[in-house]
There are 2 protein chains.
Amino acid sequence: MSTSERLIESTRELLWERGYVGTSPKAILERAGAGQGSMYHHFKGKPDLALAAIRRTAEEMRATAAGVLDGPGTPYERIEAYLRRERDVLRGCPIGRLTMDPDVIASDELRAPVDETLDWLRERLAAIVEEGQEQGEFAPWLDGEEIAAAVVATVQGGYVLARASGSPTAFDAGVRGLLSLLMTAAPKDRPARPS
Amino acid sequence: MSTSERLIESTRELLWERGYVGTSPKAILERAGAGQGSMYHHFKGKPDLALAAIRRTAEEMRATAAGVLDGPGTPYERIEAYLRRERDVLRGCPIGRLTMDPDVIASDELRAPVDETLDWLRERLAAIVEEGQEQGEFAPWLDGEEIAAAVVATVQGGYVLARASGSPTAFDAGVRGLLSLLMTAAPKDRPARPS
DNA sequence: GTCTATACAAAGATAGAC
DNA sequence: GTCTATCTTTGTATAGAC
């Protein structure tokens, strides 16, 4: 792997673990096994390197989510697959956590990939909900964008609950709670007791 | 206000705005209008002062939430009141945001008030859901703790979505989405179109 | 209790040798 | 392209005067 690649990958890891303000160039260089000169040769500085790292993480996250959301199954099943997908819950979301970083929020450039990724996710989920409504799987009076926002928020907030308690339990509980509501909110009668 | 009070209040503000790793003693002292000596006279250091600040913020958050949750109305109405309560959405949750702070999560002492507050909130909401089930307002097969986790997660995640996009819109959408599901999931027929 | 002075490591970046 | 100085400011804390 090239030095520039190692710098980006090390930055991605550190941004995930410690956020932007908590990540120093020095820590990045140590992890990448590179000297100061390399970093300032390939990148203009910390914000420039962080931007490259965030963009790559955003791309990856979209690809992962798309893999589940474009998969087989009914709309409900695809949303369930997204919610139940294997996650390293206690690590949190590498994109969502950046929204708590004051320097990221203060910079339109750094915030853009974060915003675009979460926005894309909401739109994708909203389309699936609407698809489910056409097929009679979801009640017609639900609003696709609102349900989508609730789904993404449950995941992002689930990370908060899990990290607060030091256990993934609350994340899983929130997901199950939302799924039980989604299933119950079907227009036709379904098995009364969601699994 | 005493110097010690001003130090705690300044720390509370900065922790909310910039988190623990993003807040320096120097910034606290400047905001409090105090010198170095004062801070190290009243507190052992940054973690000790932060602990006092976090505890106070946690207490305040509990009191605010209790004010709404113990208020009048049916269980559904009280949950709705909690979700729709006026918030400075773009500032985020002063307690929840700390879960993204590596130094807070690494310290059991700093994490404890965060954990206890969110845990208390979930338990309180779970009890209200169960109360609603007894009254026939919520479907009996829902799990109170799961619904409570979904409610708190929607709020915490709503902050993430709002901050990512720089607008409270997505927070409100998530709340409306969750409320529409909660209302639809009532066991008896209700007005088909939730407001 | 509060202040200033001092200390020393780390953050973030530049300069210039190789 | 990479490395090692060097530089300035900030982070965090202690010491001691008032």
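Proteins get letters first, then strands, A, B, ... in listed order; numbering begins at 1 in each. This structure is a prediction, so every number in the text was calculated from the model and none was measured.
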Starting from [atom2] on [N], measure out to [atom1] on [X] and report it in whole angstrom.
{"X": "B/K26", "N": "C/dT4", "atom1": "NZ", "atom2": "C1'", "answer": "15 Å"}
{"X": "B/M39", "N": "C/dA5", "atom1": "CE", "atom2": "P", "answer": "19 Å"}
{"X": "B/E5", "N": "C/dG1", "atom1": "CD", "atom2": "C1'", "answer": "15 Å"}
{"X": "A/D48", "N": "C/dA13", "atom1": "CG", "atom2": "C1'", "answer": "14 Å"}
{"X": "B/I28", "N": "C/dT2", "atom1": "CD1", "atom2": "P", "answer": "16 Å"}
{"X": "A/E30", "N": "C/dG12", "atom1": "CD", "atom2": "P", "answer": "13 Å"}
{"X": "A/Q36", "N": "C/dG16", "atom1": "CD", "atom2": "P", "answer": "16 Å"}

Side chain of [X], backbone of [Y]: donor and acceptor closer than 3.5 Å?
{"X": "B/T99", "Y": "B/G96", "answer": "yes"}
{"X": "B/R122", "Y": "B/A149", "answer": "no"}
{"X": "B/R91", "Y": "B/W16", "answer": "no"}

So that I can tick it off, tell me whether A/R31 and A/E9 are bridged by a salt bridge, with the cut-off set at under 4.0 angstrom between side-chain N and carboxylate O.
no
With nearest nucleotides of DNA chain C determined for B/H41 and A/P25 from heavy-atom distances, which residue corresponds to the more 5′ nucleotide?
B/H41
Is B/S4 touching bases, backbone alone, or none of the nucleic acid, heavy atoms closer than 4.0 Å?
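No contact.
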